[in-house]
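Below: one structure, written as structure tokens.
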Amino acid sequence: MLLQTVSDSAKLYGIQDPPDVAVVRTVTPDERTAVIVQCLADVGVTARAESDGWSVESPVDQSSAINLQQYICQAKYPLDPKYVRTLSEDQIRIFYGYVRDSLLPCLSGKGYDIDGLPTEDVYVDSFQSGQGAFDPYAVEPLVSTEQRVWESLQQACPPSPPTDVLYK
């Protein structure tokens, strides 16, 4: 899960009065999961990287304490603000080109032919209007693919263009 702001994580973890946390450094989306997993490990929380973020082992009686540690780690290592801003039209068009020219052919090569990619202008309009853009991972057959296969596909065929391309 990619939380975009520290206040998002406080809400998610049910932290009513979040503590002040000094930022150690900002991170990129590409490095975020590894940094957060290491931060959690440094305070004794068992966490592991997942294709869409991280997961923690959380005994019920320790869930509040673990949630607080997740909040603290995310506050120490927030996303660089440039990755939190709304994408520009040029960035949305880069994203579209990636889906059309890289992601869909990659998925097809793995045996998953996905239909439904709209025209570029419709994609941009949908993205900008908040309706959400076409996402091959959110339609059949991928939406009902078992988790381990889905994660393997996301490793082989990343759902987003490389950060250095999208945020150049």
Side-chain angles (χ1 to χ4, degrees), residues 1-88 90-92 94-95 97-99 102-103 106-107 109-110 112 127 130 132-139 142-168:
M1 172 184 342
L2 183 62
L3 298 173
Q4 298 193 344
T5 66
V6 173
S7 64
D8 288 342
S9 64
K11 288 177 193 170
L12 175 72
Y13 298 121
I15 299 170
Q16 301 297 322
D17 189 21
D20 289 331
V21 178
V23 172
V24 174
R25 69 178 177 88
T26 60
V27 296
T28 69
D30 295 336
E31 68 179 330
R32 187 166 198 221
T33 295
V35 169
I36 299 298
V37 167
Q38 183 60 56
C39 177
L40 290 168
D42 291 346
V43 294
V45 175
T46 302
R48 71 176 173 278
E50 303 282 347
S51 65
D52 60 347
W54 62 90
S55 63
V56 297
E57 290 183 19
S58 180
V60 175
D61 64 330
Q62 295 178 16
S63 63
S64 293
I66 289 173
N67 285 347
L68 179 61
Q69 290 305 321
Q70 288 187 88
Y71 166 81
I72 290 169
C73 286
Q74 289 179 54
K76 284 181 176 181
Y77 301 99
L79 279 173
D80 185 300
K82 76 179 182 181
Y83 301 113
V84 180
R85 293 185 193 109
T86 302
L87 295 180
S88 69
D90 287 342
Q91 288 173 305
I92 297 168
I94 289 169
F95 212 111
Y98 171 79
V99 170
S102 298
L103 178 55
C106 180
L107 291 170
K110 301 288 183 192
Y112 295 91
F127 199 105
F134 173 80
D135 177 2
Y137 284 102
V139 298
L142 293 180
V143 75
S144 59
T145 303
E146 69 179 73
Q147 185 70 23
R148 68 175 182 75
V149 172
W150 190 80
E151 288 177 2
S152 176
L153 281 171
Q154 286 209 335
Q155 289 294 317
C157 306
S160 303
T163 304
D164 63 336
V165 171
L166 191 58
Y167 296 96
K168 58 182 170 176

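- Here the shortest heavy-atom pairing between P78 and R25 reads CD-O, 3.6 Å.
- D164 contributes atom CG, which lies 10.0 Å from atom OG1 of T28 (distance to the nearest 0.5 angstrom).
- Taken to the nearest 0.5 Å, the OH atom of Y112 stands 12.0 Å off from the SG atom of C106.
- Side-chain atoms of P136 and L103, non-hydrogen and from C-beta on, do get closer than 4.5 Å to each other.
- Within the 4.5 Å cutoff, the side chain of T26 has no heavy atoms near those of the Y83 side chain.
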Exercise for the section: Report the C-alpha distance between L12 and Q70 in whole Å, list the side-chain angles of each, state the deciding distance to 0.1 Å, and finish with yes or no for side-chain contact (heavy atoms from CB on, under 4.5 Å). Expected result: CA-CA 10 Å; L12 175 72; Q70 288 187 88; over 6 Å; no

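- A heavy-atom distance below 4.5 Å is found between the side chains of K168 and I94.
- Residues T33 and G53 approach most closely at CG2-O, 3.0 Å, considering heavy atoms.
- Looking only at side-chain heavy atoms (C-beta outward), D42 and C73 stay at 4.5 Å or farther from each other.
- In this structure, L142 and W150 approach most closely via the heavy-atom pair O-CD1, 3.6 Å.
- Once rounded to the nearest 0.5 Å, the distance linking CD of Q91 with OG1 of T86 reads 9.5 Å.
- Residues A49 and V37 share a closest heavy-atom pair of N-CG2, 3.9 Å.
- Not one N or O on the side chain of Q69 forms a donor-acceptor pair closer than 3.5 Å with the backbone of L40.
- Between L87 and L166, the shortest heavy-atom contact is CD2-CD2, 4.3 Å.
- A side-chain N or O of Q147 and one of E151 form a donor-acceptor pair less than 3.5 Å apart.
- Between the side chain of Q62 and the backbone N or O of P59 there is no donor-acceptor pair closer than 3.5 Å.
- Y77 and R32 make their closest contact through O-NE, 4.1 Å (heavy atoms, listed as atom of the first residue, atom of the second, distance).
- Taken to the nearest 0.5 Å, the OH atom of Y71 stands 12.0 Å off from the NZ atom of K76.
- Put simply, the side chain of Y137 reaches to within 4.5 Å of the side chain of C157, judged on heavy atoms.
- Considering only heavy atoms from C-beta on, L107 comes within 4.5 Å of L153 through its side chain.
- Side-chain contact check for F95 versus V165: every heavy-atom pair is 4.5 Å or farther apart.
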